[in-house]
**Student:** 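One structure is given below, represented as structure tokens, and several questions about it will come after.
Just so it is clear: chains get the letters A, B, ... in the order the sequence lines come, proteins before strands, and each one is counted from 1.
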Protein chains: 2
Amino acid sequence: MSSVVKKTEGAGAPEAGASRQATAERIPAAQRRELILDAASGVFAERGYAGSTTDRVAKAAGISQPYVVRMFGTKETLFLEALDRAHGKLLGRFREVIAAYDAGELTEQLQQLDPAVGSGRPEQLKQLMAIAYADLVEDRGILMMLMQAFVSGHEPAIGARAREGFLSIYRLVRDEAGLSPEAARDFLAQGMLMNTLIGIRLPDLYEQDPTADELLECTLRSKLPIVLKASKAQLRAG
Amino acid sequence: MSSVVKKTEGAGAPEAGASRQATAERIPAAQRRELILDAASGVFAERGYAGSTTDRVAKAAGISQPYVVRMFGTKETLFLEALDRAHGKLLGRFREVIAAYDAGELTEQLQQLDPAVGSGRPEQLKQLMAIAYADLVEDRGILMMLMQAFVSGHEPAIGARAREGFLSIYRLVRDEAGLSPEAARDFLAQGMLMNTLIGIRLPDLYEQDPTADELLECTLRSKLPIVLKASKAQLRAG
DNA sequence: GGTTGTTGTAATCGAATGATTACTTAAATC
DNA sequence: GATTTAAGTAATCATTCGATTACAACAACC
């Protein structure tokens, strides 16, 4: 009864120089999940929720579009999982910094800080977390993934998660790092400015526009080389 | 030859209680343009470029979708014009504040400032412009329109305009208001934080989450009532 | 060696969407 | 009052996209 149609694609050379094989290598679903989330983070970070397609994520992950959908159910849950992951990485990174500081493991980094920074724990942690934040630009998409969620407040599920995520970051900075509300606010504000500069790809104008140079140097300070390197890498990746 | 099909929709009651007439009132194209841009600002501000449809803009403007497209050519040019308008309104508002300050017309507002603010022109202008910035939340969509552009760096035309727009704001704050690069950076950072809080609709959680209350009060200060009022109005409008 | 579960794809479907075409109707002009 | 111009819509088209279905192939197990 069933129509027997064997695949037989190209009896001669099944794999003649094509970089992408017709069917992806078989790996456990749990691993594939992580690869898809990696790909989704990059795509969503760049194009936002509405601007991204499951097919683009699939292509970036090297698999077919139906597999992406079946693994996550809907595009929305895929976005939410990628968002949770970005959020978790950020919180995790901050907690690492705090733990390392409290364990006295950051003495050499402390000496590289601007001497104008006070010697109190909150002041020093604020600086150290700012550096850690800039480092996250390298891990493609974490910061922009959050940023994209921040402008998606109109999507009920995404908006709710974005609100809760933002508040949890504020709480960490205030309660675990011990910053005052005002210091925490200033810390977040600098972070949002950094996100914005990256969002508009201002690093692409570096050394082409004096105003851009000044703003970038003033905002990023010692973190500028890291960000510039990440931006150039992103340019090459297209 | 032509098939004669008269419109004749409902020979009895052509307009029986429907709030939207079948065909819009005829007004000059220049006026219609402004109405469409108003509608587009609201729609794009809420849903971003990719998440908005020309049909939604048309509905918000009370006309048909083809008219929107014919008036602006493409969705992209419509977005760019709405963006330019938002950008121009922001620059214009800042310049008004600066001009009024230099003309000595803001003495009563100056006395309401936090006494901790210095008495220099840059310090005072910084505060006054921050208040003006918060006022713009009322004019539905200006700030979020800009914010949406800031996360659309990957769209070539929009990204370019967003970069140029952001730099022109920075230049105004630095050159016309006279802020130092660091002060200008801090001013912009506070603005980006405000945008973010509005983007995630944090005001909707006011008096429902103590953390949200603290962050909102700490960030917005005297501007909080204005923002809360605007948010509630937006909630009602859906 | 057959059975069963897991990993993956091709084909396709229906809805949404930006854009186009052809038309209608009200107003201005001669 | 006929003609022309401006303002606006209905209908529709070609794509795109998220999701579904049905199937293929490899691996593990009995």
Side-chain angles (χ1 to χ4, degrees), chain A residues 1-10 14-15 18 20-36 39-40 43-44 47-80 155 157, chain B residues 1-10 14-15 18 20-36 39-40 43-44 47-80 155 157:
Chain A
M1 268 308 173
S2 61
S3 60
V4 183
V5 181
K6 270 298 178 72
K7 214 171 191 177
T8 63
E9 50 120 345
E15 196 57 48
R20 168 87 60 234
Q21 56 217 111
T23 195
E25 187 192 4
R26 281 174 76 105
I27 61 175
Q31 279 179 39
R32 183 65 75 193
R33 230 187 136 73
E34 291 307 306
L35 293 179
I36 297 176
V43 173
F44 283 133
R47 319 181 85 87
Y49 175 63
S52 301
T53 70
T54 54
D55 189 58
R56 192 177 283 267
V57 172
K59 290 242 168 53
I63 55 166
S64 68
Q65 180 261 351
Y67 198 14
V68 171
V69 173
R70 213 183 40 184
M71 181 93 74
F72 291 91
T74 67
K75 178 172 119 165
E76 189 179 62
T77 57
L78 173 59
F79 185 89
L80 289 174
E155 292 268 349
Chain B
M1 269 309 172
S2 62
S3 60
V4 183
V5 179
K6 270 299 177 71
K7 214 170 191 177
T8 63
E9 51 117 344
E15 199 55 50
R20 167 87 61 232
Q21 56 218 109
T23 195
E25 187 193 5
R26 281 174 77 103
I27 60 175
Q31 280 179 39
R32 183 66 74 191
R33 231 187 134 73
E34 291 306 305
L35 293 179
I36 297 177
V43 172
F44 283 133
R47 319 181 85 87
Y49 174 62
S52 301
T53 69
T54 54
D55 189 58
R56 191 178 285 267
V57 172
K59 291 240 169 53
I63 56 166
S64 68
Q65 180 261 349
Y67 198 15
V68 172
V69 173
R70 213 183 37 183
M71 182 93 72
F72 291 90
T74 67
K75 179 172 118 166
E76 188 180 62
T77 57
L78 173 58
F79 185 90
L80 290 174
E155 292 269 350

**Student:** Between C/dG18 atom P and B/Asp55 atom CG, what is the distance in whole Å?
**Tutor:**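 So the CG-P distance, B/Asp55 to C/dG18, works out to 8 Å.
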
**Student:** To the nearest 0.5 angstrom, please state how far the OG1 atom of B/Thr53 sits from the NZ atom of B/Lys59.
**Tutor:**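 Output value for this atom pair is 7.5 Å.
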
**Student:** To the side chain of A/Arg26, which of C/dA19, D/dA19, C/dG5 is closest?
**Tutor:**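 Nucleotide nearest to A/Arg26's side chain: C/dG5.
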
**Student:** If you take atom types as modelled and just measure distance, does the side chain of A/Arg70 reach the base of D/dT20 with a donor-acceptor pair under 3.5 Å?
**Tutor:**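 It does not, because no donor-acceptor pair links the side chain of A/Arg70 to the base of D/dT20 below 3.5 Å.
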
**Student:** Could you check how far CZ of B/Phe72 sits from C1' of C/dT20, rounded to whole Å?
**Tutor:**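 These atoms are roughly 18 Å apart.
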
**Student:** Nearest of D/dG18, C/dA26, D/dT21 to any side-chain atom of A/Pro66?
**Tutor:**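 Within the option list, the nearest is D/dT21.
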
**Student:** Please determine, for the side chain of B/Ile63, which listed nucleotide (D/dA7, C/dG8, D/dT9) has the closest atom?
**Tutor:**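 Of D/dA7, C/dG8, D/dT9, D/dT9 is nearest to the side chain of B/Ile63.
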
**Student:** Does any part of the side chain of B/Leu35, heavy atoms only, come nearer than 4.5 Å to the side chain of B/Ile63, both counted from C-beta?
**Tutor:**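 Side chain of B/Ile63 against side chain of B/Leu35, heavy atoms only: no contact under 4.5 Å found.
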
**Student:** Among C/dT7, D/dA19, D/dG8, which nucleotide sits nearest the side chain of A/Ala29?
**Tutor:**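 Nearest to the side chain of A/Ala29 among the choices is C/dT7.
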
**Student:** Could you state the atom-to-atom distance from CG of B/Leu35 to C1' of D/dA7 in whole Å?
**Tutor:**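 Distance check: B/Leu35 CG to D/dA7 C1' gives 13 Å.
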
**Student:** Heavy-atom nearest nucleotide on DNA chain D for B/Ser64 versus A/Glu76: which residue maps closer to 5'?
**Tutor:**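 Its nearest nucleotide being more 5', the pick is B/Ser64.
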
**Student:** Relative to the 5' end of DNA chain C, which residue comes earlier, A/Tyr67 or B/Lys75, by the nucleotide with the nearest heavy atom?
**Tutor:**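 The 5'-side residue here is A/Tyr67.
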
**Student:** Quick one: A/Lys59 NZ to D/dC17 C1', roughly how many Å, whole number?
**Tutor:**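 Rounding to the nearest Å, NZ of A/Lys59 and C1' of D/dC17 are 12 Å apart.
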
**Student:** Between B/Thr23 and D/dG8, does any side-chain N or O lie under 4.0 Å from OP1 or OP2?
**Tutor:**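 Looking at the OP1 and OP2 atoms of D/dG8, neither is under 4.0 Å from any side-chain N or O of B/Thr23.
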
**Student:** Rounded to whole Å, how long is the line connecting atom CD of B/Gln65 with atom P of D/dA10?
**Tutor:**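 B/Gln65 atom CD is separated from D/dA10 atom P by 11 Å.
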
**Student:** Taking all non-hydrogen atoms of both residues, which atom of B/Phe72 and which atom of B/Arg33 are closest, and how far apart?
**Tutor:**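 Closest heavy-atom pair between B/Phe72 and B/Arg33: CE2-NH2, 3.6 Å.
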
**Student:** Do the side-chain N or O atoms of B/Arg32 get closer than 4.0 angstrom to the phosphate oxygens (OP1, OP2) of D/dG8?
**Tutor:**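 B/Arg32 to D/dG8 OP1/OP2: side-chain N or O found under 4.0 Å.
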
**Student:** Could you give the CD-to-P distance, from A/Glu25 to D/dA24, as a whole number of Å?
**Tutor:**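 Answer to the nearest Å: 23 Å.
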
**Student:** Within a strict 4.5 Å, meaning less than it, do heavy atoms of the B/Thr74 and B/Phe79 side chains meet?
**Tutor:**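 Contact flag for B/Thr74/B/Phe79 side chains = no.
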
**Student:** What are the two closest non-hydrogen atoms of B/Ala24 and B/Arg32, and how far apart are they?
**Tutor:**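 Nearest heavy atoms, B/Ala24 then B/Arg32: CB-NH2, 3.7 Å.
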
